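Working notes, structure below.
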Protein chains: 2
Amino acid sequence: MNRTKYNMWLQYRPISNIKQYELLMNEISVFGDTPAIKSAKVEVDFALSKMLNQAIKVKGEDPTAKIVIGTIEKLGNLLNETQIQKLKSSNDEGYLLSSSNHQLKVIGNSDRAVLYGVHHLIRLVQLEKDISDLEIFQQPKNQFRMLNQWDNLDGSVERGYSGNSIFYKNGQIVQDKSRIKDYARYLSSVGINAISINNVNVWKEETYFITKKYLPEIKQIAEIFRAYGVTLYLSINFASPMAIGGLSTADPLDQSVKEWWRDKAAEIYEYIPDFGGFVVKADSEHRPGPFTYDRDHADGSNMLAEALEPFNGKVVWRCFVYNCLQDWRDRSTDRARAAFDHFKPLDGRFHENVILQIKNGPMDFQVREPVSPLIGAMPNTNQIIEFQVAQEYTGQQIDLCYLIPQWKQVLQFDTHIKGEGSSIEEIVAGNIHPYKYSGISAVSNIGDDENWTGNTLAQANLYGYGRLTWDPSLSAKEIAQEWIIQTFGNTETIIGTIEDMLLNSWEIYENYTAPLGVGWMVTPGVHYGPNIDGYEYSRWGTYHFADRDGIGVDRTKETGTGYTEQYEEPNQSKYNSLEHCPDELLLFFHYVPYKYMLKNGKSVIQHIYDTHFKGFNQVDGLIERWDSLKQYIDEDRFENVQDRLQRQKANAREWRDQINTYFYRKSRINDQHNRTIY
Amino acid sequence: MNRTKYNMWLQYRPISNIKQYELLMNEISVFGDTPAIKSAKVEVDFALSKMLNQAIKVKGEDPTAKIVIGTIEKLGNLLNETQIQKLKSSNDEGYLLSSSNHQLKVIGNSDRAVLYGVHHLIRLVQLEKDISDLEIFQQPKNQFRMLNQWDNLDGSVERGYSGNSIFYKNGQIVQDKSRIKDYARYLSSVGINAISINNVNVWKEETYFITKKYLPEIKQIAEIFRAYGVTLYLSINFASPMAIGGLSTADPLDQSVKEWWRDKAAEIYEYIPDFGGFVVKADSEHRPGPFTYDRDHADGSNMLAEALEPFNGKVVWRCFVYNCLQDWRDRSTDRARAAFDHFKPLDGRFHENVILQIKNGPMDFQVREPVSPLIGAMPNTNQIIEFQVAQEYTGQQIDLCYLIPQWKQVLQFDTHIKGEGSSIEEIVAGNIHPYKYSGISAVSNIGDDENWTGNTLAQANLYGYGRLTWDPSLSAKEIAQEWIIQTFGNTETIIGTIEDMLLNSWEIYENYTAPLGVGWMVTPGVHYGPNIDGYEYSRWGTYHFADRDGIGVDRTKETGTGYTEQYEEPNQSKYNSLEHCPDELLLFFHYVPYKYMLKNGKSVIQHIYDTHFKGFNQVDGLIERWDSLKQYIDEDRFENVQDRLQRQKANAREWRDQINTYFYRKSRINDQHNRTIY
């Protein structure tokens with residue numbers, strides 16, 4: 001095992017300037033011995049010893065130690081009144097880092113908060129920050145900071161690009177769970193506090209996860225995560241009462257079904273007292289759900305919610321519901337409308353422990369989509385937004401695509417749901433509507449590849465997801481810098497070069513793939529590489545309507561599908577108007593001729609040619625920049641990225657040429673610069 | 001098991017007018033007791049008893065019996081001088097059916113010939129022909145009448161549309177070989193005399209077929225086929241000396257490799273003394289071959305031929321060789337040229353026990369292709385033509401596509417290789433060049449579906465393949481009638497209706513799929529259903545080049561790939577000329593504007609619209625015709641075909657609409673009849 005690859009951003013690399021830390025960092029006292037506190041203790045000892053390259057003296061519970069770590073309950077007496085007030089006004093996950101020349105205190109409102117505080121301290125040291133005069137109060141902006149594993153019991157990972165599952169192998173839960181423990185460490189280090197450990201598509205055998213066949217082992221996994229402050233959830237099969245319960249129905253209003261789930265919940269909580277709850281994909285892409293019984297999503301989710309309520313469990317109900325048997329001939333149905341049309345009318349009918357999980361865009365994690373108009377549109381229903389750290393449509397961890405800028409753009413989008421300032425960021429933080437639960441969830445990008453994420457640089461997306469979810473005010477650049485230093489070292493050339501690569505990578509990927517927000521020009525099924533008409537005559541509701549004259553989807557209210565009306569003003573008018581619609585989303589909302597002039601001064605067709613030639617050339621730039629780091633990066637990680645960049649280049653070439661040829665054949669409009677179009 | 005489905009054309013249905021046969025058919029004497037003679041005996045007894053609905057008296061070797069059956073060796077004394085002369089001037093598989101009121105004689109030049117004669121007799125009775133005054137001499141026109149199974153040891157069948165393999169299951173050769181025996185019966189009934197029992201793509205474990213791990217069981221299979229006159233071949237992995245022989249090379253000129261194969265051949269023949277030989281796919285679609293060692297196909301095949309020569313074994317060397325990593329940007333490479341370019345220069349260099357197997361067209365079993373110019377182009381090299389009974393590109397045994405008319409068209413094609421009259425039929429019969437071995441081979445369409453071929457009506461392709469290969473002068477209609485009567489009964493309504501369905505089905509399928517010979521507009525990989533651009537930007541060399549102005553592949557010598565020059569005159573000029581190129585192959589040879597006028601008086605685009613609307617409507621016609629037979633056909637077979645026809649209709653609808661929409665979007669030329677184009 002190559003530890004450098006494996007350790008991601010927790011390298012704990014010896015720092016150059018040890019002096020500034022020497023005085024403080026020679027003894028630690030950690031108060032308490034719950035599993036999470038123990039984890040904090042082990043971690044801080046391990047991290048400081050390595051970074052400072054010296055043994056740290058670990059004391060018993062001694063309030064005079066140089067570093068004291070613990071909960072406010074244990075260490076409140078070391079704080080002044082202001083500090084106590086500030087901490088108490090923070091949420092349960094808030095903590096304080098306070099230091100003087102004599103002592104450094106890491107004091108949290110809970111065990112979990114202590115763990116976060118310890119990682120904050122470790123991070124400061126690894127980033128070589130001055131810690132001599134700290135007074136940092138921190139609490140996460142989002143309550144839910146969740147990851148969804150799409151792992152299957154056979155060891156495969158749906159939409160996984162980093163090898164196989166770390167949870168399952170050959171139809172069994174892995175015996176050696178040390179890698180799961182390490183995963184939990186990484187998650188806690190960036191503040192992830194919830195995880196669902198099986199694919200939202202719950203297949204036959206996985207349906208038994210909520211039975212005694214698997215619960216004893218899942219309990220072990222829950223214990224591992226608990227020690228790192230991560231609450232365990234399971235994806236469940238809505239048809240379980242029939243599939244494994246011997247009932248003849250799964251009707252959510254049927255008394256026997258309700259009882260079955262109530263008993264089931266009780267059984268699960270016997271094994272896992274702090275079980276988070278269920279993640280449910282129902283009535284979506286052929287998964288069973290309440291529709292079978294003429295019930296709706298509220299009926300379905302509330303029934304589960306009632307079962308979980310006595311135990312404080314939650315139902316995370318996915319809103320990825322659309323007609324996946326659409327007829328391409330049917331121009332009136334618009335998949336983009338589906339989530340809003342399905343769920344908005346149900347607002348107010350959901351139990352307070354039901355949380356709707358809504359993908360960031362109305363389609364499916366394309367490189368460019370507008371923000372889903374459903375987010376924030378249900379004042380009386382808990383919502384969390386769903387991102388995809390796994391790069392399904394954004395290069396599959398072969399191509400470089402640092403996603404933090406995309407997510408930030410989504411979070412900063414102002415819905416105007418309650419007037420100006422109703423950003424997605426504030427909505428999912430629960431600051432616009434009085435949500436009981438809210439936050440962010442995402443599909444994980446890890447697997448059993450030695451480096452966890454296939455492409456080493458894709459580690460930055462996992463890191464950044466956690467950091468951004470904790471604190472959305474962090475910039476993409478700050479996050480990139482933090483990650484680079486922790487991962488590769490505090491060297492200016494490295495930081496500058498990789499930061500530049502990361503920050504430009506989303507634009508580069510967009511340049512050479514589907515243009516102007518139209519999406520979906522990918523190889524069906526696989527979702528990697530170009531296939532311009534691949535989804536054009538399909539049943540998936542994913543069309544671009546390119547013809548001899550132009551391209552784009554008319555979603556206006558006057559002549560199109562009326563999707564624009566799902567937005568509040570002024571977004572509605574902006575998107576609906578050809579004049580005001582931003583270039584980058586033009587083809588998502590409008591059908592336009594190839595010669596239509598964009599706001600950037602180019603015709604659509606020339607923009608397509610230009611961005612595709614440019615995007616390919618930019619990949620060459622990425623390669624050059626990476627190659628310039630050869631002397632700075634260990635061979636294994638250097639070659640891993642180098643190899644991926646070469647594959648990205650081949651992919652970009654294929655995209656460039658297929659897109660350009662496709663549109664040239666359709667339009668016969670020449671490139672103004674006479675570059676080669678085949 | 002439903003025997004009616006299973007029995008295909010060997011139903012042995014009681015006939016209505018028994019009287020005409022009563023006198024003759026009450027006793028049989030079969031001479032000899034070799035396995036093949038025994039098979040003949042069992043079959044004739046079984047068939048006549050069932051068809052005549054009475055027990056037949058089976059006598060010992062009694063030359064006075066009403067029916068006498070045996071080889072000329074045993075029964076020559078019952079023949080007159082003319083008969084003996086005629087038989088002796090026939091080949092080894094020739095036989096005589098001769099009858100008077102007193103006796104009916106079935107006398108063959110070999111055991112195998114006797115079996116064929118017996119099946120001829122059975123067929124005459126099932127067809128209710130007068131047999132009171134027969135004097136029929138028959139011999140097959142083609143020496144090789146072969147089937148290739150593309151079966152894998154895991155039980156799958158490459159390009160199989162009739163369930164799984166009848167030979168293999170779960171990584172093993174099937175224990176119960178009764179179904180293999182029945183398959184052998186069917187093959188002998190239509191004169192098939194050779195079979196290769198494993199996929200030409202020889203994977204890892206199948207490479208061991210030629211070792212003692214599998215030979216004992218393959219010997220059993222060979223014995224089963226031997227008893228029905230069918231010689232067994234195996235597909236081999238050219239890299240076997242390395243993969244299983246422990247050598248460091250598979251270079252055909254290496255002495256140790258030659259020795260390895262010589263020893264291997266000797267070993268195989270110890271198990272199977274009449275082993276047919278090897279079928280080889282080399283240097284094609286990533287299969288290993290002589291190119292690795294800078295050797296050519298002659299080097300590769302001759303080396304194997306030398307190993308097999310002492311045992312009279314043959315090498316069947318496939319010519320399906322092309323660049324399957326082509327760059328779609330490269331307009332100069334033409335896959336259609338590949339077989340000819342590769343093999344023609346090697347003429348004369350092959351051993352006399354090497355036989356080249358050449359697909360009927362230059363591409364790959366499309367619904368419409370020109371005939372491969374390689375067939376007949378090598379006067380000094382044995383050749384067999386390869387058809388595909390499996391409907392890979394012709395509806396996959398869901399859609400009805402009776403292929404005999406297509407094959408007949410190929411066989412009747414006059415290559416002019418040695419002046420007029422150099423038809424493919426005469427070439428592969430060995431009548432144009434002095435081939436030592438020649439004939440016809442084909443990919444089988446059977447699997448373990450109860451009815452063998454998925455669609456019951458697809459049985460007609462297997463039946464017809466055998467009959468046509470024996471006697472290419474039979475018309476598609478004659479073969480259809482024979483098959484229908486034997487399969488469904490001698491009822492005029494049935495015969496007329498199904499015959500009409502079969503005979504029109506190829507045209508119907510062509511109507512709604514890829515137009516005017518251009519091919520390849522299918523779903524990649526699967527090869528079923530439309531995907532107009534599916535292979536357009538691929539590495540497979542399969543392009544249609546449709547753009548805003550027109551469509552087609554320029555293969556002329558002046559402006560195109562020069563493929564037309566591979567044909568002899570006058571075919572070369574005919575195909576090369578826009579004026580003379582037949583409509584149905586126009587887009588195979590020429591790029592033309594959408595408004596180009598066809599010889600049929602329509603523009604290309606209007607022809608596309610017309611044939612696609614028509615083709616879909618014709619499927620409705622097929623459904624109507626089949627439905628009219630409800631009262632005549634047993635429920636199981638009726639519903640099987642009914643179900644397939646409904647699926648065909650859905651497929652035809654998808655083809656019609658995608659093709660029409662695709663070309664309308666590209667051309668914006670309206671349908672003259674204003675029918676719905678989406």
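Reminder, nothing fancy here: chain letters follow the sequence lines and each chain counts from 1. Bear in mind that the values here come from a model prediction, so they are computed numbers and not experimental data.
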*Between A:R548 (side chain) and B:R548 (backbone), is there a donor-acceptor pair under 3.5 Å?*
yes

*Mark yes when over 12 heavy atoms from residues, nucleotides or ligands other than B:K169 sit less than 6.0 Å from its NZ; otherwise mark no.*
no

_SB check B:D547 A:K666 (cutoff 4.0 Å)_ = no

*Can you say whether B:Y664 sits under 4.5 Å from chain A via the side chain, the backbone, both, or neither, judging by heavy atoms?*
neither

*Partners of B:F291 by ring-ring contact (aromatic ring centres under 6.0 Å, His included), sequence neighbours excluded?*
B:H297, B:H342

*Select all residues of residues 528-540 of chain B having any heavy atom within less than 4.5 Å of some heavy atom of chain A, and report them by number, or 'none'.*
B:D533, B:E536, B:Y537

_A:D327/B:R653 salt bridge by N-O under 4.0 Å criterion_ = yes

*By side chain to side chain donor-acceptor pair (under 3.5 Å) - contacts of A:Q672 (at least two apart)*: none

_Sub-4.5 Å side-chain heavy-atom contact between B:Y678 and A:R331_ = no

_Do B:Q658 and A:R329 have side chains that approach each other closer than 4.5 Å (heavy atoms only, starting at C-beta)?_
no

_B:T676 portion near chain A, given a 4.5 angstrom heavy-atom threshold_ = neither

*Taking atom NZ of A:K557 as the centre, does the number of heavy atoms from other residues, nucleotides or ligands within less than 6.0 Å exceed 12?*
yes

*Proximal to chain A - members of residues 643-652 of chain B, heavy-atom separation under 4.5 Å*: none

